[in-house]
Amino acid sequence: MAGDWQPDFEQLVDEHQSMVFSLALRMTGDRGLAEEIAQDVFLELDRHLGRIESPLHALAWLRRVAMSRSTDALRRRRVRGVNMWVEINENHCAQVDEDSSPMAVRLAAKVDRLLATLPEAQRAALVMRYQEDLTPEEIAATLGAPLATVKSHLQRGLKLLRAKASTHLQEYSRGA
């Protein structure tokens, strides 16, 4: 009975605010900007709440809008000549918790910095695939891109990330 579902704004915010913020942070590398993007996404959700048909539709909608707003912010910054990736805070690594070893935190921060150097489309595809655990088909639908393009971004992004990691993460490799 998907037609009987009534979206609850506060519940959607509670359930999805960390995901929306995390996507924006991974895409922009700027905590303040990620907070602004998340706020904008939820303001837009409030305006479009009547069009949300199900919990899955809400999740897909939030992902799509978060990625779109993040991409827009990156483009605005690029136009202004601001390099957003000059410095990334080690504390924002989404995959590392407070119980992690200092080495794991440092490694995650370095991986984040390497991810940040990827072209925007490749970074978006990798974040959606490995942070959000979406299939290539779901990524294509979320980003409004052809499936072949998403697969290409994933393949090229992983290849480039591996190459960068082999150069920049030697101290974390086995036997080093």
Side-chain angles (χ1 to χ4, degrees), residues 12-13 15-45 48 52 55-96 107-169:
L12 289 172
V13 171
E15 289 176 10
H16 301 297
Q17 65 184 348
S18 63
M19 179 269 301
V20 169
F21 173 75
S22 183
L23 284 174
L25 183 59
R26 284 283 170 119
M27 286 302 296
T28 65
D30 181 313
R31 185 172 293 280
L33 183 57
E35 289 171 355
E36 284 181 36
I37 291 168
Q39 184 177 19
D40 288 345
V41 167
F42 286 109
L43 286 172
E44 189 164 339
L45 173 66
H48 291 88
I52 302 298
L56 285 176
H57 180 230
L59 178 61
W61 188 93
L62 287 166
R63 283 179 175 147
R64 185 176 61 252
V65 174
M67 294 302 286
S68 176
R69 294 294 176 273
S70 297
T71 300
D72 291 347
L74 287 171
R75 290 182 182 142
R76 279 192 304 275
R77 289 268 174 113
R78 199 168 27 247
V79 166
R80 286 189 227 139
V82 176
N83 183 356
M84 297 179 65
W85 291 104
V86 171
E87 188 150 340
I88 295 179
N89 183 341
E90 288 187 4
N91 295 329
H92 90 271
C93 300
Q95 304 304 319
V96 178
L107 176 59
K110 286 187 178 200
V111 170
D112 271 354
R113 284 194 286 278
L114 292 177
L115 182 65
T117 66
L118 296 179
E120 180 182 306
Q122 292 174 5
R123 183 171 64 245
L126 290 174
V127 167
M128 299 292 291
R129 178 71 181 109
Y130 296 103
Q131 177 179 314
E132 293 301 305
D133 200 28
L134 298 180
T135 65
E137 294 80 8
E138 291 169 323
I139 297 168
T142 299
L143 299 178
L147 179 59
T149 301
V150 168
K151 288 180 177 181
S152 176
H153 288 322
L154 287 167
Q155 181 182 28
R156 289 179 181 159
L158 280 174
K159 183 178 179 181
L160 186 55
L161 192 59
R162 283 185 189 116
K164 289 174 181 268
S166 70
T167 303
H168 298 292
L169 300 177

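All heavy atoms count here, side chains included; hydrogens, waters and symmetry mates do not.
The line from CE of M27 to CE of M67 is 4.5 Å long, rounded to the nearest 0.5 Å. Here CD of Q17 is found 11.5 Å from CD of Q39. Values are rounded to the nearest 0.5 Å. L115 contributes atom CG, which lies 11.5 Å from atom OH of Y130 (distance to the nearest 0.5 angstrom). For the atom pair CG of D112 and CZ of R26, the computed distance is 4.0 Å after rounding to the nearest 0.5 Å. Note that the NE2 atom of H16 and the CG atom of L23 stand 12.0 Å from one another [nearest 0.5 Å]. R75 contributes atom CZ, which lies 5.0 Å from atom CD of E120 (distance to the nearest 0.5 angstrom).
R31 is listed as a side-chain neighbour of E35, based on a closest heavy-atom distance under 4.5 Å. Between V65 and L45 there is no side-chain heavy-atom pair separated by less than 4.5 Å. Residues T142 and E132 are not in side-chain contact: their nearest non-hydrogen atoms beyond the backbone lie 4.5 Å or more apart. In this structure the side chain of L74 reaches within 4.5 angstrom of the side chain of R123, judged on heavy atoms. Residues L143 and T149 form no side-chain contact, since every pair of their non-hydrogen atoms from C-beta on lies 4.5 Å or further apart.
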- Task: Evaluate the side chain to side chain contact (heavy atoms under 4.5 Å, CB included) criterion for residues V150 and M128: first the C-alpha distance (whole Å), next the side-chain angles of each, then the deciding distance (0.1 Å), finally the verdict.
- Result: CA-CA 10 Å; V150 168; M128 299 292 291; over 6 Å; no
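Dense packing is recorded around CD of E137, with more than 12 heavy atoms of other residues, nucleotides or ligands lying under 6.0 Å away.
Between L62 and M19 the shortest heavy-atom distance is CB-CE, 4.2 Å. Residues F42 and L12 share a closest heavy-atom pair of CE2-O, 4.2 Å. Here the shortest heavy-atom pairing between L33 and A73 reads CD2-CB, 3.8 Å. Of all the heavy atoms in L161 and L118, the pair that sits closest is N-CD2, 4.1 Å. For L126 against G157, the heavy-atom pair with the smallest separation is CD1-C, 3.7 Å. Taking all atoms of both residues into account, the shortest heavy-atom contact from A125 to I139 is O-CD1, 3.7 Å.
A side-chain donor-acceptor contact under 3.5 Å links S70 to the backbone of A66. Judged by distance alone, with hydrogens and angles left aside, the side-chain atoms of S68 form no donor-acceptor pair with the main-chain N or O of R64 at under 3.5 Å.
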